[in-house]
Each structure stands twice: as structure tokens, then as C-alpha cells.
Chemist: 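The structure under discussion is supplied below as C-alpha cells; questions concerning it will follow.
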Amino acid sequence: MADDGEREAAATEGPAPLDLTLPGGRLRAHRSGDPAAPTVIAIPGLSSNSRAFDALGRRLAGGGRCMVALDLRGRGRSEDTGAGTYGWPSHARDVLAAAAALGAGRVDLVGHSMGAFVALQAAAAAPARIRRIVLVDAAGPPEEESLDTIRRAVDRLGTVMPSADDYVDRVRALDVVVPWDESWERSFRYELEPVADGVRARTSKSAVMEDYDWGAEHDARSLWPQLHCPVLVVRAGLPIVPDGGFILRASDRDALLASVPGAEAVEVEANHYGVLTHRTTEDAISAFLGGPEPVL
């Protein structure tokens, strides 16, 4: 379970840390809201972690939901389960096992970036257990022009920096997380661990690259026909960096809306990272998850 320092941070900064011991390994999670409230499981992107959802967790908790954001295996403070254990299906099994460990019945899923692909995989594997699903800026293959920026973001992993401030300054200098806010600041500081010459991210670069390669060989659009619950697509209206391409193509958003009955979408004036913490995104997700119980 969480140590005293993490309990103190949770008390002052929001979500409560908890460890989930699952068949696939131990996952660290952060919970916002009353555990007895309807459960929303938040799934971060390729190299991100649970703390990127802090702002959304506060918003949903205030609206009567309990959001549990996960560090996926190999990320943040979750267990690194080793080569050959990653890929969307493995993460999806962890998401469903986490819901069971939390004692939740049907849950809502919010996935950002690769987390959206994991959410699609979980909904395909266990449709009766998913009430609603939110796909934040991912639903199909990203534009080729965006891939270099993704790889540059991953390159921070394994790099030793003299201090946490130096590490954060390096991430900010990439000008990818725009606008920078407290959730992203906390997320990048949270992933750090002390080493002999300074600090480095706990997140495993090999785990992230295994998922990157897995995603390059699989098309999330093949999972769309297995969606049988209400779906909200949140698309970033700005490229990941200027002239850098989009993670979610407008054509894929439109195709999903045309092929999945009842799916809806909102476009937010932000890039791939800024969209997650944008007020418009919070408003849209809060309204969508507060909707009436869908009829199966």
C-alpha cells in the first residue's frame, strides 16, 4: 500500500493511492471520489501515468462518480512484468481485473491516447461489463507526421537528470504538453525515482516500446464493430505540435460516428496532451457519463 509520504500528498493534492494485486501483476492506482459511487476507470497513454487524470478525477468526484486512474503495467509505480507481457490485450485484462478487484460491476472507461485503444480492447472482450466508454484523442492509427513527436516524448525514459526540476524543465522544453498545468507537472514528477547521479523515470522504456511496436502492427479500427455501449469521442482540434500531424484523424472520427450507433463526438481546441486537461473535455465527459443508464 501507499507509504506515509504518498498518503500526505494524497490528502493535500487529491487522489488516494492504492495498490491492486491482479493476476497480471501489481498495479498502482489513484482514486478520486467516494468508493461507493459509480466507478470510472481512467487509462493513460503510451508513456503516461495515473496522475495525468488528477483534474478530471476532481471534476468527476464532484459530480458523484468515483474515478480510479491506473498506472499501466511497466508505468509509474506499477510492476514491470517483463518482455512479452505487454500489448493492448494484456492491459485490457488488467483493466477488467482492476474493476473486479474494486468490487465494481459495470464500469465506465476513459482512455487517453493508447489508453483509448486499451479501452476499446476491454469493451470488445467484456461488453456486458462496460457501461459507457470515452475515447480521448485516439480511435485508429495516428497520422505519420505525429510519430516523431511521440518517439521524442518516449526518449525521456531511462535518461538520468541531476534533479526533478531539471527533468521537468527538459520535458517542458519539448513544447509538446501545451498548455502545461498542475496535472502534467505532478504526473512527470510522480514518475521519478532517485538514482546515484540524480533522478530518472520509473517507467520502463522497454515496456513502452513493446506497446509502441504492438500498436504499429494492429489497427484499433478492427475493434469498432464490437462496441455495444454509448461512446464519446473527444478529438484534439490542434496537431500534436505545429505541422506535426494528428493522433486522431478527422476521417477516423467521422467513420466511427457513422459505424457505431449512438456514438457522439466533441472537438476541443487543444493538442493531444492539452486536450486531456481542457475544461471543454471535462465538461463533455462529465455530461456524457452522467447520462441515463444505457439499455443493453
Chemist: Within the supplied structure, the quantity of interest is the number of heavy atoms (other residues, nucleotides, ligands) at a distance under 6.0 Å from Arg279 CZ; does it exceed 12?
Modeler: no
Chemist: Look at the aromatic rings of His30 and Tyr190 and report parallel, tilted or perpendicular, splitting at 30° and 60°.
Modeler: perpendicular
Chemist: Please report the closest heavy-atom contact between Ile41 and Val95, naming both atoms and the distance.
Modeler: CD1-O, 3.8 Å
Chemist: Would you find more than 12 non-hydrogen atoms of other residues, nucleotides or ligands less than 6.0 Å from Arg129 atom CZ?
Modeler: yes
Chemist: Just verifying a value: how many Å separate Leu276 CG and Trp184 CH2, rounded to the nearest 0.5 Å?
Modeler: 5.5 Å
Chemist: Show the numbers, then the answer: is there a side chain to side chain donor-acceptor pair (under 3.5 Å) between Arg93 and Ser90?
Modeler: CA-CA 5 Å; Arg93 286 191 290 271; Ser90 293; 3.2 Å; yes
Chemist: Is the Phe117-Trp214 ring centre distance short of 6.0 angstrom?
Modeler: no
Chemist: Between Asp19 and Arg26, is there a side-chain N and carboxylate O pair less than 4.0 Å apart?
Modeler: yes
Chemist: Should Asp80 and Arg75 count as an ion pair when the cut-off is N to O under 4.0 Å?
Modeler: no
Chemist: Answer yes or no: are there more than 12 heavy-atom neighbours, outside Glu144 itself, under 6.0 Å from its atom CD?
Modeler: no
Chemist: Does this structure show an ion pair linking Asp54 with Arg51, if we count only N-O contacts that are shorter than 4.0 Å?
Modeler: yes
Chemist: Answer yes when Lys205 and Asp155 have at least one side-chain N-carboxylate O distance shorter than 4.0 Å, and no when they do not.
Modeler: yes
Chemist: Before accepting this row, confirm whether a basic side-chain N of the pair Arg202/Asp71 lies closer than 4.0 Å to the acidic partner's carboxylate O.
Modeler: no
Chemist: Any Lys/Arg nitrogen of Asp137 or Arg235 sitting under 4.0 Å from an Asp/Glu carboxylate oxygen of the other?
Modeler: no
Chemist: Can you confirm whether the side chains of Ser50 and Arg77 place a donor and an acceptor under 3.5 Å from each other?
Modeler: no
